[in-house]
Visitor: 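The structure's right below; bear with me while I get my questions together.
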Amino acid sequence: MTAAKQSITELYDLIKDRQTQPIPGSYTDYLFTKGLDKILKKVGEESTEVIVAAKNPDDAAFVLEVADLTYHILVLMVERGITLDQIEEELASRAGKMSRLKERSSINKY
Ligand SMILES: N=c1c2ncn([C@@H]3O[C@H](COP(=O)(O)OP(=O)(O)OP(=O)(O)O)[C@@H](O)[C@H]3O)c2ncn1[C@@H]1O[C@H](COP(=O)(O)O)[C@@H](O)[C@H]1O
């Protein structure tokens, strides 16, 4: 049996629905009602939790934190009126380009 999956697009669309058709008691509705600063606070908290989880060997805990951050980033995108298409277009504009590390002079004074 394969595990059930929810695509990023499906989750984005669900969050967008919560914005246009609020459901009292929904966590997403709560975030939109509180507004940008609350959403940013959650994104900051969840980012920190991802960093902490990444340092530990528990993969399930790390996946959970990445999923939490993904959800909150999507709420932030909807709040700011940014679509997944815009992110995909930005990623496409970088695809196939070689990234180069800048030459840096070595640090010998601390
Ligand atoms: N993916 C998520 C998701 N990930 C995390 N969370 C919520 O994020 C919160 C994070 O927990 P915290 O302990 O950090 O926060 P808290 O103490 O509950 O709340 P704060 O007061 O800190 O804001 C939890 O309440 C989780 O329920 C999510 N809430 C909703 N979704 C998805 O959004 C859909 C719609 O949810 P509702 O808007 O609640 O209907 C759900 O069906 C899910 O698919």
Side-chain angles (χ1 to χ4, degrees):
M1 204 177 83
T2 52
K5 291 181 188 169
Q6 181 177 45
S7 73
I8 303 276
T9 303
E10 286 168 347
L11 183 55
Y12 181 95
D13 290 344
L14 180 58
I15 292 167
K16 185 94 191 129
D17 277 355
R18 288 287 190 273
Q19 188 192 44
T20 52
Q21 297 161 42
I23 296 184
S26 127
Y27 183 72
T28 317
D29 182 24
Y30 159 78
L31 288 178
F32 285 134
T33 302
K34 290 273 183 184
L36 181 62
D37 284 358
K38 173 68 182 180
I39 297 167
L40 291 174
K41 186 165 176 278
K42 293 306 295 182
V43 168
E45 285 173 15
E46 301 301 343
S47 301
T48 306
E49 285 170 21
V50 166
I51 292 166
V52 172
K55 294 287 284 179
N56 291 311
D58 182 346
D59 286 352
F62 178 58
V63 167
L64 190 149
E65 296 303 346
V66 171
D68 272 356
L69 178 59
T70 303
Y71 162 77
H72 284 91
I73 287 280
L74 294 176
V75 172
L76 177 58
M77 286 171 57
V78 171
E79 171 70 16
R80 289 283 284 95
I82 300 299
T83 63
L84 285 173
D85 273 357
Q86 285 172 273
I87 305 299
E88 287 175 1
E89 282 166 19
E90 175 58 35
L91 291 174
S93 76
R94 304 173 189 181
K97 287 185 185 159
M98 178 75 80
S99 301
R100 289 217 183 83
L101 283 176
K102 284 197 190 116
E103 287 294 328
R104 294 173 200 275
S105 50
S106 54
I107 300 169
N108 46 27
K109 277 190 188 165
Y110 294 94

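Whatever order the structure lists ligands and atoms in, that order sets their numbers, starting from 1. Computed from a prediction, not measured in an experiment: that's the story for all the values here. These numbers come from the heavy atoms of this one structure, side chains and all, not from hydrogens, waters or symmetry mates.
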Visitor: Around ligand 1, what residues show up once you keep those with a heavy atom under 4.0 Å from it?
Guide: Gln6, Leu11, Leu14, Arg18, Ser26, Tyr27, Thr28, Tyr30, Lys38, Lys42, Glu46, Asp68, Tyr71, His72

Visitor: Suppose the criterion is salt bridge (charged side-chain N to carboxylate O under 4.0 Å, His left out): which pairs have a residue in residues 7-24, not counting sequence neighbours?
Guide: none

Visitor: Apply side chain to side chain contact (heavy atoms under 4.5 Å, CB included) to residues Ile87 and Tyr12 and explain how you reach the verdict.
Guide: CA-CA 13 Å; Ile87 305 299; Tyr12 181 95; over 6 Å; no

Visitor: What salt bridge (charged side-chain N to carboxylate O under 4.0 Å, His left out) pairs are there with at least one residue in residues 67-92, not counting sequence neighbours?
Guide: Glu90-Arg94

Visitor: Would you please classify the geometry between the Tyr27 ring and the His72 ring as parallel, tilted or perpendicular, with 30° and 60° separating the classes?
Guide: perpendicular

Visitor: Are Met77 and Ile15 close enough that some pair of their side-chain heavy atoms sits under 4.5 Å apart?
Guide: no

Visitor: Enumerate the residue pairs fulfilling side chain to side chain donor-acceptor pair (under 3.5 Å) with a member in residues 42-56, sequence neighbours excluded, ordered by first and then second residue.
Guide: Lys41-Glu45, Lys42-Glu45

